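To start, the structure under review is shown below, and the notes come after it.
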Amino acid sequence: MAKDNQILEEITSREYEHGWTANLEADSAPKGLNEDIVRFISRKKQEPDWLLEWRLKAYRAWLTMKEPRWPNVTYPAIDYQDIIYYSAPKQKAAPGSLEEVDPELLKTFEKLGISLTEQKRLTGIAVDAVLDSVSVATTFKEKLGELGIIFCSFSEAVKEHPELVKKYLGSVVPMQDNYFAALNSAVFSDGSFCYIPKGVRCPMELSTYFRINAAKTGQFERTLIVADEDSYVSYLEGCTAPMRDEHQLHAAVVEIYAMKSAHVKYSTVQNWYPGSKEGVGGIYNFVTKRGLCAGDHSKISWTQVETGSAITWKYPSCVLKGDYSSGEFYSVAVTNNHQQADTGTKMIHIGKNTRSRIVSKGISAGLSQNSYRGQVHVLKRAINARNFSQCDSLLMGDRCGAHTFPYIDVENSTARVEHEATTSKIGEDQIFYCRQRGIDEEAAVALIVNGYAKEVLNQLPMEFAVEAQKLLALTLEGSVG
Amino acid sequence: MLHIHNLRAGIEGKEILKGINLDVKPGEVHAIMGPNGSGKSTLASVLSGREEYQVTEGEVTFMGKNLLEMEPEDRAREGIFLAFQYPVEIPGVSTVNFMKTAINQIRTYRGEEPLDAVAFLKLMKEKMKLVEIDQSLLNRALNEGFSGGEKKRNEIFQMAMLEPRLSILDETDSGLDIDALRIVANGVNKLRNPSNATIVVTHYQRLLNYIVPDYVHVLFNGRIVKSGDKELALELEKKGYDWIKNEPATA
Amino acid sequence: MTIATANRNLISELESVLPAGSKSEPAVSKAWEQFIQTGLPGQKSEEYKYAPIARQLEKLPALKPSAGDVLLPTPLPQFLSGQTCNYIVFVDGRFSSAKLADKEVKVTTRTTEESHDAKDPFEWLNAAFSPSLTIITVEEGVALQHPIAIVYHSSGRGTLVNPRWTLQLLKGSKATVIEMCQPHAYELFQNKKSVIEAGEKASLEYLILQDGTPAQTEVNHTEVRCALSSYASCFTISLNSRFVRNNMKLVVDGSQVEAHLYGLYLPSGDSLIDNHTVVDHRQPESFSNEMYKGVMNDRSKGVFNGKIYVRPHAQKTNAFQSNRNILLSENATVNTKPQLEIWADDVKCSHGCTTGQLDEEALFYLRSRGIDKRSAYAMLLHAFVAETFKEMKMTQWKETIDGLVTSRLLKV
């Protein structure tokens with residue numbers, strides 16, 4: 001016992017690796033939220049009137065909505081007037097090329113291990129980097145452009161491709177979808193936009209890297225991915241934030257629109273600052289992610305590795321509207337110390353012969369609470385729908401909690417829906433077996449946890465899988481209870 | 001190499017080993033036999049450092065160091081290998097990955113450079129051949145869904161990989177048919193050399209036809225009541241354990 | 001009429017029929033206050049999401065609790081014919097009479113006391129309408145020779161009835177209990193609250209048989225509390241009724257408890273059967289196993305919500321749950337939500353849940369042996385549902401239930 005405590009002590013004193021702040025000058029809106037702030041953001045972004053109207057409508061809807069509450073997730077009320085809704089690193093003008101980007105900014109991302117200089121094309125990943133509220137650089141744009149792929153910041157898309165943005169913005173996540181989606185719709189400042197034309201297979205991973213830098217700031221980005229018929233894209237998202245004593249709000253929206261036979265793979269490694277070991281500070285990560293399989297035979301896969309944030313509230317979902325469309329959700333959520341994660345998915349079967357698969361692996365340690373909340377809904381006309389769900393929880397230590405809340409609603413008699421869930425702890429015998437072979441306890445736990453999460457990690461692109469494995473080990477180091 | 005003096009140990013307050021004395025030198029094979037409940041597996045567990053067992057008296061040194069103060073992984077790194085009676089299944093972790101982690105942690109402990117992927121694979125290929133184990137088995141999750149024989153063979157493969165100074169085979173013959181038994185025993189024999197030692201814990205004599213011991217000890221009621229050479233095992237097989245129960249403990 | 005105003009009218013209507021003078025009882029008035037505070041569950045209520053229960057109350061022509069104590073000649077339910085039992089009879093929700101076969105069974109009544117852990121508005125409603133609580137006690141160390149049969153009769157005079165009883169199995173006792181309604185054709189809303197306390201080393205087999213009529217709505221709050229080393233095996237078999245909501249709560253309040261919850265629901269027509277179960281492990285080293293199965297036909301609806309709680313110090317708990325459903329018709333639906341909430345790490349818990357059809361392969365296999373499709377179908381369905389009462393030790397009941405279920409499935 002004494003040893004366990006000592007090990008627990010060791011991890012809890014671990015520092016968050018990305019907890020530094022960069023010294024960047026920022027251009028910010030005053031604190032608080034009202035219609036003027038919404039107008040301010042829209043003006044800053046030089047947006048067309050229709051978008052301002054859209055924002056205002058969302059803002060008015062938000063005012064009438066109530067903040068959601070879930071069991072096993074507790075946090076003090078958020079003061080929405082105490083948040084800065086717009087913060088942009090000051091740059092001379094919009095950068096035309098990478099050479100014009102503030103070197104301090106490039107340094108910020110270098111420090112995160114993300115190279116924005118195209119010369120270093122070691123990874124073969126195109127990156128759109130979002131700092132606080134704005135996209136600061138997008139790489140490999142020209143090369144992608146040759147294939148007709150549009151990959152740029154959201155603001156740029158509004159200017160350059162207004163017809164696409166207007167058509168698809170809010171088509172998957174309506175502005176009044178939920179409290180945080182409405183908030184995002186009103187104040188979103190930037191994000192990534194991506195369009196893959198008909199028949200094109202995107203030759204490289206597209207990636208958005210998010211970082212919150214400024215204090216007292218919320219980050220509200222919006223990602224919109226439109227995959228035209230027969231196209232394919234794999235999209236990655238990574239996030240970090242500095243260590244700060246206050247909680248910071250991150251309320252993003254991701255929309256994916258998949259047309260006939262399109263396949264979109266969306267992977268997230270979420271490593272926002274989780275707060276100190278006493279539960280001070282950390283990001284509130286309240287995110288709405290949804291994909292619409294609009295066309296027949298389309299497919300959307302979500303993969304997520306959630307290790308950060310003080311609170312995560314996130315349900316990447318698939319609306320399976322096209323016949324023979326399919327949705328997948330693979331998730332590993334790790335919580336330690338005072339973290340709370342409430343995550344899962346919704347699979348809405350509308351079309352005929354639709355398929356969905358859910359694999360969720362929760363790992364709780366310390367004083368954390370980790371919940372899977374999901375829904376499989378087979379609508380009346382969804383003939384021959386199939387779903388398989390597997391939700392496993394692993395507990396480390398006796399002061400944490402693991403919870404499963406799956407809703408299964410079936411309105412069609414030809415559906416086959418299977419759900420399995422287990423809760424267990426790492427076996428003492430497994431750890432001893434590893435130790436007998438000379439592997440220390442920490443490494444044994446990492447090994448076993450990685451094995452436990454393997455089915456999900458396998459879904460990630462190689463570079464991300466390695467990072468994710470390291471993160472799992474880091475988050476859990478020593479938390480043997 | 002291994003020196004056990006007056007070892008008393010038990011579990012949950014119940015004393016099982018009541019004063020064990022044993023010396024093992026390099027190159028030797030010792031068989032520990034005894035009826036069910038005599039303390040055979042407890043001895044193997046105490047030597048490998050299972051935490052649920054408490055040592056109440058006595059001392060155990062290994063290569064001159066106090067073994068009882070060491071963590072299980074450090075015992076492994078010092079060269080003690082336990083072939084489990086019931087090898088554990090670990091889903092999602094392949095034997096290859098598992099062994100690579102183990103070998104490199106042991107090497108680090110000994111101040112050696114970790115093996116790179118090429119060197120590791122080379123070593124693995126070599127040992128696989130030695131113990132006649134199939135690659136496909138090693139690519140699967142560790143022991144998951146393995147048959148009894150496959151699990152035991154995997155134990156011997158790991159033993160070959162880790163090259164221990166002292167191997168403790170805990171009822172390695174249990175649940176094996178005669179062919180599997182022979183393959184496992186062959187592996188063990190191939191790994192024998194003048195600088196390492198083996199303790200074979202078994203209930204039956206049959207394993208000792210294949211792994212021929214230099215010494216046989218009979219454990220009964222927590223004590224070694226009789227020691228001898230391989231003839232003792234044959235005698236036991238003939239007369240049964242009842243014969244030994246009246247023997248006084250050999251000091 | 002909106003739900004909100006409907007509730008308000010119902011509540012004032014309910015208040016007007018509260019038993020005379022009952023509000024002067026502190027427990028009753030407290031319960032009524034609590035009920036008003038919570039209100040009737042509306043569409044947004046998480047707990048009654050799929051069971052629009054307020055509408056069932058609205059459907060009643062008039063809200064009439066029983067006029068007073070009624071003594072009726074009480075014919076025994078056919079299910080129990082020829083069996084000697086310890087009969088405890090409720091008429092219109094009030095305790096009416098007891099006909100006891102074993103001298104070790106005692107029946108007393110006392111004023112309803114405040115209940116502290118009630119959460120459901122219908123539990124408060126029950127307390128407000130049940131000024132008296134019936135207590136059945138089985139003596140320490142006694143294995144009862146005959147079953148205890150709790151039978152609900154209706155005189156046709158009451159439409160809203162609220163039986164309330166507690167059964168105490170004292171230390172080391174052993175009993176078999178059945179609870180059922182005498183079938184009748186009256187329009188009825190029954191809102192029951194019962195508690196069974198299985199004492200240390202006590203052993204319980206408990207059958208709730210629900211075979212009502214399309215005129216019946218039932219809400220049942222059933223709590224089984226298991227003390228140290230006790231054993232409980234509970235069967236909830238729901239064959240009929242227009243609307244059934246079972247809130248079954250198993251509280252594991254001791255170590256070395258072994259508890260089983262079985263449930264079978266076969267709604268047909270327009271009926272709805274909603275089983276909400278809670279297994280609450282409050283003490284370490286106990287075992288619980290839960291299996292609920294449903295076959296939904298016609299336009300019916302099945303709902304299952306199974307919660308397993310493992311409290312922080314309830315280490316070494318083993319808790320298992322399985323829920324399986326078959327939809328037989330294209331207009332049938334099922335909503336299921338198995339739910340695990342675990343706060344202890346050294347536990348083994350799992351739930352599994354499926355919704356689907358019969359195994360085509362098995363169907364084909366039977367047919368290839370010469371069995372016609374219809375019979376093969378019935379056989380497989382029977383095999384599917386029979387698992388829920390396979391472990392019943394009262395063989396006589398088991399066989400009768402098997403017969404009832406088989407005849408129901410043959411109609412499919």
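From a predicted model like this one, the values you see are computed outputs, not experimental measurements. Only heavy atoms go into these numbers, but all of them, side chains included; no hydrogens, no water, no symmetry mates. Every chain is numbered from 1 and lettered A, B, ... according to where its sequence line falls, protein lines coming before strand lines.
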At a heavy-atom separation under 4.5 Å, does S329(C) approach chain A through its side chain, its backbone, both, or neither?
backbone
I need the residue from C391(A), G401(A), S393(A), P406(A) with the largest number of non-hydrogen atom pairs under 4.5 Å to chain C.
P406(A)
Checking N323(C) against chain A: side chain, backbone, both or neither under 4.5 Å from a heavy atom?
neither
Charged N to carboxylate O under 4.0 angstrom, R373(A) versus E341(C)?
no
Inspect the contact between K337(C) and D409(A) and indicate whether a charged nitrogen and a carboxylate oxygen are less than 4.0 angstrom apart.
no
D270(C)/R242(C) salt bridge by N-O under 4.0 Å criterion
no
Residues Q390(A) and D392(A): side-chain donor-acceptor under 3.5 angstrom
yes
What part of Q315(C) gets within 4.5 angstrom of chain A, counting heavy atoms only: side chain, backbone, both, or neither?
side chain
Do the charged groups of R357(A) and E455(A) touch, with an N to O distance under 4.0 Å?
yes
Chain C: which of T423(A), L395(A), T422(A) shares the most heavy-atom pairs with it under 4.5 Å?
T423(A)
Does the side chain of H349(A) come under 3.5 Å of the side chain of S356(A) through a donor N or O and an acceptor N or O?
yes
Which bit of Y50(C) is near chain A, if near means a heavy-atom gap under 4.5 Å: side chain, backbone, both or neither?
side chain
Between chain A and each of L340(C), T354(C), V334(C), count heavy-atom pairs under 4.5 Å; write down the option with the most.
L340(C)
